[in-house]
Amino acid sequence: MALAVLGAAAAVLSVWNLNTAPAYRDDEGTYTAQAFSVYEGALAPYTYGYEDPPLGWLQLGALAWLPNVLGLGDGTYIGAARYAVAPFFVATALLTYLLARRMGVRLPFAALAVTFFILSPLSLVFGRQVYLDNVGVPWLLLGFWMALSPRTALWHHIGAGVFFAVAVLSNETLVLFGPALLVALLNRPAWVNRVFSVVGFAVVGGIAIIFYPLMALLRGELLTGPGHVSLQDALVYQFVTRSGSGSLWEAGSDRAQLVNGWLYYDQFFIAAGLTAGLLCLLQRGTVWVPVAVASFITPVAIGAGYLPPMFIIGVLPFLALAIGVGLDTLWGWWKAYTPTLGARERTWATGYIAACAVLGVVVVSSIQWFGPGRAQLAQEANEEWATALAWVQDNVPEDDTILVPYVMWQDLSAHGREDPWTVVPTEKADLDPEFLTEHPEGAAAIDWVVVGPNTAETIEDLGLTMADQALDNSETVQTIGGWSVHRVLDE
């Protein structure tokens with residue numbers, strides 16, 4: 001019954017006001033385009049550059065066609081992709097509950113942990129957007145659920161390795177939670193065949209992950225070389241040459257601002273999860289939870305490389321689990337203490353603790369969840385995007401070449417623009433060599449530029465000279481809030 005209620009609540013929250021808040025983002029546009037490219041038999045609408053493993057958007061592509069067929073959403077491709085993420089949101093919530101119960105957390109506290117997760121503004125913002133993290137996290141949790149199985153069957157632990165590999169191939173950053181999964185496997189109550197379990201988990205999971213570089217090898221794109229992209233180049237860009245976010249301890253750095261943004265959305269959930277994680281260290285069966293949280297904290301605290309805003313998604317269910325375990329531990333201590341009290345004192349103390357707990361939840365809800373959280377369930381954040389999209393569709397000739405933010409690309413390219421090189425994502429003119437193959441004249445081929453709220457930042461961060469030149473030689477013909485449309489002038 002609890003599972004059904006929590007699943008229904010998660011399902012409602014996963015789609016409530018989904019296409020109007022939060023605002024559509026460029027990363028969502030990228031993954032939407034990649035998901036729909038699956039129907040064309042391609043890994044991406046342009047040259048696939050190994051920025052991410054493709055399994056995440058292959059899963060999205062399997063679901064993204066359904067919302068528009070069923071009449072859900074706002075009729076856009078990016079809106080449909082958000083609905084395709086909803087089942088993963090629900091699965092994450094349900095697996096969080098099942099994991100808590102498998103660790104022995106009492107039903108009320110397991111349900112409360114899931115409630116904290118699905119109501120957190122962090123979940124309502126990042127957990128409902130088209131990010132590969134949202135696709136991979138349920139597979140990661142399923143790996144933990146298999147690893148913690150009370151049975152000693154070897155196939156459960158092999159299954160944990162397989163599901164972990166699926167999570168990593170859906171979003172590579174989830175590999176950070178591998179140590180926590182290994183700790184969970186090693187700290188099982190039954191130590192029978194421990195070596196076989198660990199070897200089976202590691203070998204099968206490793207073999208599955210190797211399919212990604214194997215794919216690059218078979219395509220002749222494993223190592224760098226002339227005339228083709230490569231996995232090596234992608235890794236070098238991600239970990240060496242890509243602009244970093246600065247240090248967390250540097251005032252005003254991108255990393256510090258991003259962490260402050262996470263705290264703005266739900267500082268109470270983060271603080272409660274971190275605090276409760278300390279209580280998880282007291283029990284062998286739950287020690288893996290703070291290891292998982294530490295796997296998230298470490299790169300955030302000591303790293304200086306690029307930190308994406310959606311990185312927080314991976315740790316949210318583990319914070320919820322920590323809270324559930326922490327509350328259950330405190331309740332266990334209280335139950336052990338109450339026999340030393342008289343009946344009257346026990347009744348009075350229990351009522352007092354319950355009243356304080358209810359008051360605390362009410363205060364936190366009114367300050368945090370009914371502020372940023374309610375905004376995600378009520379505000380309209382995509383009206384300007386929709387108006388700008390409609391204007392471009394109605395006024396820009398289909399044969400003209402137009403640069404657009406990725407957040408708008410799929411919906412424009414599917415609107416009578418079958419040639420992907422007449423409507424081009426802002427960064428592709430500079431970063432994809434095929435642009436010059438299709439348009440040897442370079443920036444002179446660009447007729448229009450659509451500028452969104454983040455376009456200037458994208459041009460600066462990536463050093464996009466063609467987009468910059470086109471904008472410098474253009475006139476503004478339409479402005480819609482934070483969006484503007486520019487016609488490039490003839491030289």
Side-chain angles (χ1 to χ4, degrees), residues 1-10 13 89-124 127 137-138 140-142 144-145 147-150 180 183-184 187-189 266-293 315-339 346-347 349-365 368-369 373:
M1 177 57 115
L3 196 64
V5 171
L6 291 171
L13 288 172
F89 181 90
V90 176
T92 298
L94 295 181
L95 284 165
T96 300
Y97 173 81
L98 292 173
L99 265 174
R101 295 291 288 153
R102 180 153 281 187
M103 288 190 294
V105 176
R106 294 170 179 85
L107 189 150
F109 301 120
L112 191 59
V114 177
T115 302
F116 287 152
F117 168 75
I118 63 177
L119 286 179
S120 171
L122 287 167
S123 294
L124 296 178
V137 165
L140 178 66
L141 297 180
L142 194 55
F144 278 100
W145 188 75
L148 296 174
S149 170
V183 170
N187 282 276
R188 289 170 41 81
D266 203 342
Q267 57 185 311
F268 295 105
F269 182 59
I270 294 174
L274 295 178
T275 303
L278 299 177
L279 296 177
C280 297
L281 293 171
L282 303 177
Q283 304 175 57
R284 175 176 152 189
T286 61
V287 71
W288 61 269
V289 178
V291 175
V293 175
V315 79
L316 295 180
F318 298 107
L319 292 174
L321 285 170
I323 293 173
V325 171
L327 291 174
D328 188 80
T329 301
L330 293 175
W331 181 256
W333 290 350
W334 171 248
K335 293 286 287 184
Y337 172 71
T338 50
R346 185 164 57 247
T347 301
T350 302
Y352 178 77
I353 291 174
C356 289
V358 171
L359 180 61
V361 170
V362 170
V363 170
V364 169
S365 298
Q368 196 72 33
W369 293 336

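Atoms OH and CG, from Tyr97 and Leu112 in turn, are 12.0 Å apart once rounded to the nearest 0.5 Å. Distance check, rounded to the nearest 0.5 Å: CG of Leu107 to CG of Leu3 gives 9.5 Å. Distance check: Arg106 CZ to Thr329 OG1 gives 8.5 Å after rounding to the nearest 0.5 Å. With rounding to the nearest 0.5 angstrom, the CG atom of Leu99 is 7.5 Å from the CZ atom of Phe318. The structure places CD1 of Ile323 at 11.0 Å from OG1 of Thr115, a figure rounded to the nearest 0.5 Å. Residue Leu142 holds its CG atom at 12.0 Å from CG of Leu94, rounded to the nearest 0.5 Å.
With contacts defined as side-chain heavy-atom distances shorter than 4.5 Å, the pair Pro317/Val137 qualifies. Residues Leu321 and Phe144 form no side-chain contact, since every pair of their non-hydrogen atoms from C-beta on lies 4.5 Å or further apart. The side-chain heavy atoms of Asp328 and Met103, taken from C-beta on, include no pair separated by under 4.5 Å.
Checked by atom type and distance alone, the side chain of Ser123 pairs as donor or acceptor with a backbone atom of Phe117 at under 3.5 Å. Under a 3.5 Å cut-off, the side chain of Arg102 and the backbone N or O of Trp145 do form a donor-acceptor pair. For the pair Asn187 (side chain) and Val183 (backbone), a donor-acceptor distance under 3.5 Å is present.
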*asked:* Is there a side chain to side chain contact (heavy atoms under 4.5 Å, CB included) between Val5 and Met1? Walk through the geometry before answering.
replied: CA-CA 6 Å; Val5 171; Met1 177 57 115; 4.1 Å; yes
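By the side chain to side chain donor-acceptor pair (under 3.5 Å) test, Thr275 is found to be paired with no residue, residues two or more places apart in sequence or in another chain being considered.
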